[in-house]
Each structure stands twice: as structure tokens, then as C-alpha cells.
Amino acid sequence: MWHHAIKMNDFIPLSVPNLKGNESSYALNAINAEWVSTGGYYINEFEQKLSEYVKVPKSAACQSGTAGLHLSLLACGVEPEDEVIVPTLTFIAAVNPVRYVGAEPIFMDCDDTLCMDMDKLESFIETQCKVKNGKLINSKSGKTVRAVIVVHVFGNMANIEKLMALSMHYHFKVIEDATEALGSYISEGPYKGKYAGTIGDIGVYSFNGNKIITTGGGGAVVSPHEQYIDTIRFLSTQAKTDSLYFVHDEIGYNYRMTNLQAAIGLGQLEQLENFIEIKTRNYHLYQEKGISLLPFRKDIRPNYWFYSYLSSKRDELIQFLTENNIQSRPVWKLIHTQKPYEKNCHWQISKSVEYWNTIVNIPCSTNLTENDVHTVAERIHEFENQ
Ligand SMILES: *Cc1c(COP(=O)(O)O)cnc(C)c1O
């Protein structure tokens, strides 16, 4: 009924799921088999198909991208009192897990990819840190900078090439938050063919409802180091050392994906390349209709997850589109300005402020028709010309 009402109003949502493949039949199989919890065929199948797709030996499916990031920090050995460098222009779920493990984030600016500015990261490390006993130490706080969480924003990719070089030189771990970038890969240079999430020490995907594929809620962790994935699977299933006698030598978590979620995920994964095709086509269609969108890196194959339009009248445009039944939104409020992180260290943040003031994300669902794109483009032109 609710869906019907929306259709009748010709409401164009920002980013909604598309579940028209085998999702319902696989989910029904799981229900009929009465395997709906954290064990079952679809979990293994989903992990295997995902691993094959991004070309890694194994993956660990979990409850959410946030849970995956939490487990990744644990697997990388991030400890209370450590520091972790993160972007300020991102969704807050990329940062909160740093606090879950008792560490503190340091906020970095973005460059024109919207991802972390690696030149500024380098200048922070060179002027504010020193290497002592094989560890990167923040000179001011005296704490160990254990890791960098890099986010591949909106399906674009950060300058991971430079980040990996810095990580080898300065001894910190790299966690790729690829929650928005499943399917994006590098198409030129030494990392040619490498998927977002598979280059650093650990990578995390999300299958939340607005991501490029969804399991309702869900996530997965990948790594070139199989040991990390074993650790993460162990921690995600309550750290059970003996499953008959329930021996637990560590604190674990209830973070494993369910068979029901994985059944939906398998149906979605089958359509991922098709979804990327649709998103690519609609991205170019907007541009053909005169809507200029932020570009993606030229030397990658992006998944084109989210489209960013720049306007000096951000709030007025969002208001105008809302009145015209079109959903849009500003980019996330910068995290170093959010209440829980106001007192944290941040470094030369300027570009993120410009983008925060001007970005408007416009409808990008895979359900978007050519007619919808036309309508959104017309309304934006109407707004700009008034
Ligand atoms: C969606 C998202 C997450 C969290 O994923 P969930 O599955 O919703 O927990 C983390 N980081 C970024 C950048 C995201 O967009």
C-alpha cells in the first residue's frame, strides 16, 4: 500500500533497493529449509561468490558494515589509547568503531575525489609524527598511530596507491571502508584489476538498504591475508574455542550474517554488474541533459553509486526538489564538527568544508527510469534559471 501511494505521487527517491531477481526465491528456499539463522548454505555460498567477484581467497559475512569495521580494527590490533587516522567527510559509521575499541580518531581533509587527501596525510605524518621502534608515534600525544581508515566515497576510489606506499614506509595498517564502492576497481597502473577493498590490509563492504546491493542489513570483510578473515569469523561468532563445551578464551561478538540475509545477498550479487551498468548509464544521461556531476577518477572503473551535483544554493535546491517530489540530500555533516568528536585532533581541513557547503546528492537508484532522470534534470534547470 505504502509503495503504491509513493508511485501514485510520482515520488522520485534518492536511493532505494531493487529486488527483482532471485532474492525472493532464495529467501523462500531458506525459510522452507528452516535455516534462517547464522548457519546454512547461503552464507557459505554468498561468501564464496563475493570472494570470487572481488578476487580474494576468502571473506567473512557479518551483520553490518559497521560490525565489519569494528572487527577489522580488532584484527589489525588497534588497542585502547591508540590513534587511527580517518576522513572527516564520510558517514559517521566509518569512525564510531574507532571509539568502540577505545582508540581516538584524527581527522583528515578530502581532495577532489571526495576521499582522503594523501598529500595532507603525508604532511601530517612528516611534520607531526615520528617513527620509534617500528611504530608511528604522534609527537604531540605520544600515542601510536596504528591504522588509517580510508573511505572510497560514493564509489569513487581514494589515492590508495600513495596510501599503500606511506603505510609501508611508516608502519601503519590500512583498513579500506569500501562500503560504498563494491565493484569499483583500478583500471590502470601497478594496481590494475584490483577491486576497492582488496588492496589494504582489510576491506569492508556494506549491504545496507541504500548500498549498491543489499541484504536488508549486512556487511562483509575481505583481506589478502587469510589469517585476518579467520580471526574475524571467530570473533563474529562469539569467539567459541570449543563448540560442544562452549569454551571461550576471548571476548566475542554476535556479528555473523544470517542465512536469510545471505540468500537475499546472493540474488543481489547476481545482478551487481547489471546495477553498475544502469548507474553508469544514468550518470551519463544526467550529464547529457546538462546536469554536471562530480567526476570519478579516470583510471578506475567506478560503480557510480552516488551522484554529486554542486550548488551554491544547496538548501534552497533541496527544498525546491522536495516540493517537486524529488528526494535529494546534502553530504554528511563533517565528523570533526559532530558532538562526540569536537575535541579530537584534525589537520588542515578546508576542502571538505567547501564540499559540505555545496554537494547535493540527486536520485541514483537502479530503478530510476530515463523519464525520471529527465524529470530531475528539468527541475534542476528550472531552479537554476529562476
Ligand atoms: C554505509 C556505510 C557504513 C556502514 O555500513 P552499515 O552496513 O550501514 O553498518 C560505513 N561507512 C560508510 C562510508 C558507509 O557509507
Side-chain angles (χ1 to χ4, degrees), residues 14-17 46 50 59-74 84-101 105 107-108 110 113-116 147-158 160 163 174-184 196-197 200 202-222 232 236 253-258 260-262 264-265 268-269 275 279 296 302-308 329-336 338 340-341 352 355-356 359 361 364-365:
L14 180 67
S15 177
V16 290
F46 180 66
L50 178 70
S59 58
C62 55
Q63 277 298 332
S64 66
T66 310
L69 286 162
H70 184 186
L71 296 175
S72 299
L73 288 163
L74 293 170
V84 176
I85 297 174
V86 300
T88 188
L89 183 87
T90 188
F91 182 44
I92 203 158
V95 177
N96 286 338
V98 174
R99 282 277 177 82
Y100 298 172
V101 301
F107 293 98
M108 257 331 115
C110 69
T113 63
L114 301 183
C115 308
M116 189 181 287
V148 171
I149 298 177
V150 61
V151 180
H152 299 299
V153 178
F154 296 156
N156 204 359
M157 284 180 77
I160 188 97
L163 179 60
V174 172
I175 297 173
E176 290 181 78
D177 177 334
T179 50
E180 305 178 359
L182 177 63
S184 298
I202 300 195
V204 180
Y205 302 115
S206 164
F207 313 116
N208 189 29
N210 67 342
K211 298 303 201 282
I212 193 153
I213 64 168
T214 185
T215 59
V221 185
V222 295
I232 282 169
S236 75
Y253 300 84
N254 183 8
Y255 278 172
R256 185 86 171 138
M257 182 179 273
T258 66
L260 208 44
Q261 290 167 314
I264 296 170
Q268 288 274 284
L269 207 48
F275 288 167
K279 281 191 183 267
F296 291 81
N303 70 358
Y304 291 98
W305 178 59
F306 252 48
Y307 309 149
S308 306
R329 67 165 208 213
V331 75
W332 316 275
K333 180 174 149 76
L334 302 180
I335 303 176
H336 77 285
Q338 308 261 12
Y341 298 109
S352 300
Y355 281 120
W356 150 247
I359 288 179
N361 289 121
C364 60
S365 308

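Residue numbers run from 1 in the order of the sequence given. Each ligand, and each atom within it, is numbered from 1 in the order the structure gives.
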Could you list the atoms of ligand 1 found under 4.0 angstrom from a heavy atom of [X]?
X      : value
Ala93  : 3 (C), 4 (C), 10 (C)
Gly218 : 7 (O)
Thr90  : 13 (C)
Ser206 : 1 (C), 5 (O), 6 (P), 7 (O), 8 (O)

May I ask you to identify the nearest protein heavy atom to atom 9 (O) of ligand 1, giving residue, atom name and distance to one decimal place in Å?
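Answer for atom 9 (O) of ligand 1: Thr66 OG1, 2.5 Å.
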For atom 13 (C) of ligand 1, what is the nearest protein heavy atom, given as residue, atom name and distance?
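Residue, atom and distance for the closest contact: Glu180 OE2, 3.2 Å.
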Any Gly217 heavy atom less than 4.0 Å to ligand 1
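No; Gly217 lies far enough from ligand 1 that no heavy-atom distance drops under 4.0 Å.
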Would you give the length of the straight line joining atom CD1 of Ile232 to atom OG of Ser72, rounded to the nearest 0.5 angstrom?
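It is 4.5 Å, given to the nearest 0.5 Å.
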Taking C-beta and beyond as the side chain, do Cys115 and Val153 meet within less than 4.5 Å on heavy atoms?
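When only atoms from C-beta onward are counted, Val153 and Cys115 do touch, with a gap below 4.5 Å.
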Side-chain heavy-atom pair Leu89, Leu334 within 4.5 angstrom cut-off:
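Heavy-atom side-chain distance check passes, below 4.5 Å.
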Restricting to non-hydrogen atoms, name the atom on [X] and the atom on [Y] that form the minimum distance, rounded to 0.1 Å.
X      : Y      : value
Glu180 : Asn303 : O-ND2, 3.1 Å
Tyr355 : Cys110 : CD1-SG, 3.9 Å
Val151 : Pro87  : CG2-CG, 3.7 Å

Would you say ligand 1 has an N or O under 3.5 Å from any N or O of [X]?
X      : value
Lys211 : yes
Asp177 : yes
Gly65  : yes
Trp305 : no

Ring centres under 6.0 Å, that's the criterion: do Tyr253 and Tyr100 meet it?
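No; Tyr100 has its ring centre 6.0 Å or more from that of Tyr253.
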Tell me the nearest of Ile92, Ile149, Thr179, Val151 to atom 12 (C) of ligand 1, using heavy-atom distances.
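When every heavy atom of Ile92, Ile149, Thr179, Val151 is considered, Thr179 comes closest to atom 12 (C) of ligand 1.
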Here's a test for you: under side-chain hydrogen bond (donor to acceptor under 3.5 Å, both in side chains), which of His336, Lys333, Gln338 qualifies with Thr88?
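With Thr88 as partner, side-chain hydrogen bond (donor to acceptor under 3.5 Å, both in side chains) holds for just one option, His336.
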